[in-house]
2 protein chains.
Amino acid sequence: MGSDAAMSPKITVELLRQLRHAMRNTKYIAEPIQAYIVPSGDAHQSEYIAPCDCRREFICGFNGSAGTAIVTEKHAAMWTDGRYFLQASQQMDNNWTLMKMGLKETLSQEDWLISVLPENSTVGVDPWIIATDQWKNMSKALAGAGHSLVAVQDNLIDAIWMDRPTRPSTKLLTLGLGFTGLTWQDKMTALRSKMAERKISWFVATALDEIAWLFNLRGSDIEYNPVFFAYAIVGMNTIRLFVDIKRLAVPMVREHLQLDTPSKAELSIQTAPYESVFTELQAVCASLVPKEKVWISDKASCALTQVIPKAHRTLIPYTPLCLAKAVKNATEIQGMKMAHIKDAVALCELFAWLEKEIPKGTVTEISAADKAEELRSQQKDFVGLSFPSISSVGPNGAIIHYRPLPETNRTLSLNEIYLLDSGAQYIDGTTDVTRTMHFGSPSAYEKETFTYVLKGHIAVSAAIFPNGTKGHLLDSFARQALWESGLDYLHGTGHGVGCFLNVHEGPCGISYKTFADEPLEAGMIVSDEPGYYEDGLFGIRIENVVLVVPAKPKYNYRNKGSLTFEPLTLVPIQAKMVNTDILTQKERDWVNEYHRQCRETIGAELERQGRKEALDWLIRETQPIA
Amino acid sequence: MGSDAAMSPKITVELLRQLRHAMRNTKYIAEPIQAYIVPSGDAHQSEYIAPCDCRREFICGFNGSAGTAIVTEKHAAMWTDGRYFLQASQQMDNNWTLMKMGLKETLSQEDWLISVLPENSTVGVDPWIIATDQWKNMSKALAGAGHSLVAVQDNLIDAIWMDRPTRPSTKLLTLGLGFTGLTWQDKMTALRSKMAERKISWFVATALDEIAWLFNLRGSDIEYNPVFFAYAIVGMNTIRLFVDIKRLAVPMVREHLQLDTPSKAELSIQTAPYESVFTELQAVCASLVPKEKVWISDKASCALTQVIPKAHRTLIPYTPLCLAKAVKNATEIQGMKMAHIKDAVALCELFAWLEKEIPKGTVTEISAADKAEELRSQQKDFVGLSFPSISSVGPNGAIIHYRPLPETNRTLSLNEIYLLDSGAQYIDGTTDVTRTMHFGSPSAYEKETFTYVLKGHIAVSAAIFPNGTKGHLLDSFARQALWESGLDYLHGTGHGVGCFLNVHEGPCGISYKTFADEPLEAGMIVSDEPGYYEDGLFGIRIENVVLVVPAKPKYNYRNKGSLTFEPLTLVPIQAKMVNTDILTQKERDWVNEYHRQCRETIGAELERQGRKEALDWLIRETQPIA
């Protein structure tokens, strides 16, 4: 949860000396390399990574979620985006140059390398932690300037990282039909029918959440993400699962996977050590006949992708697992609804508690977040948080990816806006909710901007749109009210949400930034979270997780059918922050209907759980607005 | 203007025999080819093409704007999209297979070729009429299946096209500062400074409208588009213009281009025949020193692009000319405003006349379009139409790219909706306007859908959005009201409009289909044209040309500034078609303010021109709605 050390620079003189030594060491490479790239990812291109994969943090000290370090014989530079300029500058010592991405004057990694490298240089990178498309771009740019990019099989950071943590190998949790709605055998059959449809012989699964989903297994190898380190290779008659073999010794897991008594030959799983995926994939590829095709994600590691000969390789932006996982089945939807009810119970309790405690001046961003976690943990099937809570008071709220640290920790008061963006993993579902509240008297300007954000939230949530519409086409609806007043927010409006899986998942979302999202379909689940941020003053965000459902408007153009959203999050939106004059009657009706649902559904559960104070708070906070 | 023949199939037996003979004739190719691709474009990838470039029409008979023909030893197939299925099936004989693009079962050109070709086949195409990116995709797909794509330098259609028209070489029109706002010398200097900024030595201009804009010249080589066949190669000290040399014999043109008395050496234009661009570009490239770069559009022909060695070639999606041309200067804006006033005068007259004439039952789609052209031609500096008028009654209105032909020509009546999408070229500007009217009593459903379209039109026109917003982000605003009722339209919402240039131009627009548009900037001009089409019944579209202007909302987030649109088109929107109950007060205010502007500006001009009946009509049609 952060420590004082996190904000003082890491001393890297000795580490850089060692790394540069390794860059010349023929133990690792045939010829010395003049630069070494350290991306942030792991071999699965995970968004969140395990401590053993925090190589970029190890070498430069910066521990934000996004950033790439490059070390040459003379220079060391680290690229990150606007969210992290301040943090990175505080965490890195002056051996490092901070490359501020998004500023005009900042060179790209390629251009910077070209500007500092001697002629005919060789640049190295670990092919396991760079995706194929990134490799291609970098390789092409360097080649254009007479340099070359080479794959260094041994990771040079690992070579100098003496106390590197071991790769986690946590207990596997098996999920039954009551949680998944489909057996892993059903999912396997569906996957194979997609493969048959496209005449694909093999599929290589590399994304951890896709593997967890496919096998109806969960782990806790990565904080906040209930996944486990694994690969899978699926053929029409073969299933190979690569995972630390020790984890499979548990009878429950063996039975779940039918390791000892497979029902059918083609559903028999061959297990092999995690590390053996490379050689096993080589073996599979060696046996391919002409025209046989192997599917792999274009976001898979370069190392694994290149094992597949080009003539047999079919790169796909979204794998069939990614697409199938995104459309939740009835059981998953039911689970997500249950998880959101429990989550709302915890938050109603939290807000009722905050209302009482804040005037005492003893609640801080950290203690409020801890209280939220404590209340959530009392709910059934709670597993953990789904991401680090963004618990932020006043000016801290304007830092979009803020996470309270002891040195930034502010006390909640009656004078400043409080923004809490938090969520949890329950065995039946994943939650992610943001509420922005004022426990005293908000200013007219705070209410005005909150109301614009609310209008945007409603515009998306209540939107009706044709089947086949991509989420990015809805992004502007969330901004329209802000834009009309000259305001905006610099992040997307929504992301896909997994079901007891990653809180961020593809292939759908609501953002002006992408065009490659897949069309929204009934059963998909996304967040709806417009915001407004006034630097140095406050942040506002209103976030619900919403389910895509069929809509029944008056007409049905070309029989295409229409869709809309149903909120899964059922936590009151603070009426005190709303300037009702700015809302249309339709918007006021939406708020009242939403609050009616909150009262009805969450009220019943609070009653059942005997949580009286929270119930009183809920009833008061869901009174109709005029 | 269409003929009966256009709808009976062209007999192609003999032509196909001759083409297949040419495909084996060593006069044209070293080795026989097994397939020949005939794309629709010209060597400049123009949207509209000259008769001499209608090669696809010549070989198969289909004369729509989009379509690619492929002839193999045994098969002949033609790909086109949904707009043209009916027309293509009527215009092609049974030697041809119609490939309906957009249907699931339809093979792509690549897949079809792979399915019909014998092993190791060679496929030919004229490299002048295929763009580089299309070549790449086709070449890669064919190579993957063991075939190869080759450039056939002599066009095989031209080889068998006995009465092929000659390439037009119309009189060039010089435009003075009063129309252009910038001399061509100013534009050249600005281009060179962009080149210097990016360290580019040469720029090859291939798009006809960019060349016309750069040199402040216009021609009439292609119907509706005031352009002329030319190429230009611009270096830091050199300007080469490739054009039929005869056209430069005119003193006015010689003086305009300062051909005999250049003011400065670097502004001296070397002229050369149109056809010599290939060898001249070869010569330029032969003299390049290492690292020198040549800019060329990624939409330029494969033939010309490949002249530039890869190491020297920088492909750009939008050339600096395309970007500069899109942002109109004060003189161009003034010209566009004047053109739209004249155009509105003609349309007010037309609609007043229609109102009188329609009850007599003598006005048809064709005669109404002719009348519109006649009235426009009475206006100052009229040059011609900017595209074929879409004059459509009742069910014809649902055919989005309809063009009336004698056999489809419907009579305007008091019972059916009339949609007129038309525009003109004036020396001071280009217009494009659609109005949908009912001269009797529209049904409640017609009014309802018209009003949804109007709401969409207003939502875009009145939108306020941050500087830097791309047009595609506004597309959903135009659809929101339709979507809410389960309706939609299957085309984009707007396109860039040239100033006395092509009515469709890049790099901006308002469409869900593209993500590669450039951000909107003050001075850009686009159309705003949502619609609704009920197959077999009617079509509705409301189109204005609008100018991007700065907006001044209440706040100014991060000093980014805001933009909005100002309508240039000032023609009343028929109030009779509006269900005012469905409009918000803000929308009613917008309509009334728009009509006030129409009355004020167009009224004054009608008064000046003494066009009394049209003035009366205008005054009546611009009464405030309640």
Side-chain angles (χ1 to χ4, degrees), chain A residues 143-146 290-291 310-311 314 445 448-449 452 459-460 462-470 472-490 511-516 532-535 551-564 584-586, chain B residues 143-146 290-291 310-311 314 445 448-449 452 459-460 462-470 472-490 511-516 532-535 551-564 584-586:
Chain A
K291 297 208 176 174
K310 256 197 169 172
T314 302
Y445 181 63
E448 180 187 358
T449 50
Y452 295 147
V460 170
I464 296 177
F465 47 91
N467 251 316
T469 300
K470 291 180 169 195
H472 73 260
L473 289 170
L474 307 180
D475 184 76
S476 304
F477 291 161
R479 299 176 199 274
Q480 194 166 17
L482 286 163
W483 281 0
E484 261 175 38
S485 297
L487 306 177
D488 197 6
Y489 55 95
L490 304 182
S511 176
Y512 63 97
K513 282 185 251 175
T514 177
F515 209 53
Y532 177 69
Y533 310 91
E534 189 86 22
D535 285 347
K552 290 267 167 273
K554 197 168 172 188
Y555 305 111
N556 185 6
Y557 183 62
R558 299 204 167 178
N559 276 314
K560 235 183 159 180
S562 291
L563 299 170
T564 186
T584 63
Q585 187 54 47
K586 253 171 122 173
Chain B
K291 298 208 175 173
K310 258 196 168 172
T314 303
Y445 182 64
E448 181 188 355
T449 51
Y452 295 147
V460 170
I464 295 176
F465 49 90
N467 251 317
T469 301
K470 291 180 170 195
H472 73 261
L473 290 170
L474 307 179
D475 184 76
S476 304
F477 290 161
R479 299 176 199 275
Q480 194 166 18
L482 286 162
W483 281 359
E484 261 175 39
S485 296
L487 307 177
D488 198 7
Y489 55 95
L490 304 181
S511 177
Y512 63 97
K513 283 185 251 177
T514 178
F515 210 53
Y532 177 69
Y533 309 92
E534 190 85 24
D535 286 346
K552 291 265 167 272
K554 198 167 170 188
Y555 303 112
N556 185 7
Y557 183 62
R558 297 204 169 178
N559 275 314
K560 234 184 160 179
S562 292
L563 299 171
T564 187
T584 64
Q585 188 55 45
K586 251 172 124 175

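The structure displayed is predicted, hence computed values, not measured ones. Every chain is numbered from 1 and lettered A, B, ... according to where its sequence line falls, protein lines coming before strand lines.
Interface residue A/F477: backbone and side-chain heavy atoms are both found under 4.5 Å from chain B. When heavy atoms are compared at a cutoff of 4.5 Å, B/T584 does not approach chain A at all.
By number of non-hydrogen pairs under 4.5 angstrom with chain A, the leading residue of B/R558, B/K560, B/H472 is B/R558. Looking only at heavy-atom pairs under 4.5 Å with chain B, the residue among A/K291, A/E534, A/Q480 that has the most is A/Q480. Of the listed residues (B/N556, B/D488, B/D535), the one with the most heavy-atom contacts under 4.5 Å to chain A is B/D488. Interface check for chain A: of the options B/G561, B/A459, B/S485, B/S562, the most heavy-atom pairs under 4.5 Å are formed by B/S485.
Within the 3.5 Å criterion, the main-chain N or O of B/L473 finds a donor-acceptor partner in the side chain of A/S476. Side-chain N or O atoms of B/T449 include one that pairs as donor or acceptor with a backbone N or O of B/Y445 at under 3.5 Å.
Between A/R479 and A/E484 there is no salt bridge, since no side-chain N of the basic residue sits under 4.0 Å from a carboxylate O of the acidic one.
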Please assess A/I464 against A/L563 for the test side-chain contact (heavy atoms from CB on, under 4.5 Å), listing each intermediate value before the final yes or no. CA-CA 6 Å; A/I464 296 177; A/L563 299 170; over 6 Å; no

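Residues B/Y557 and A/Y489 form no side-chain contact, since every pair of their non-hydrogen atoms from C-beta on lies 4.5 Å or further apart.
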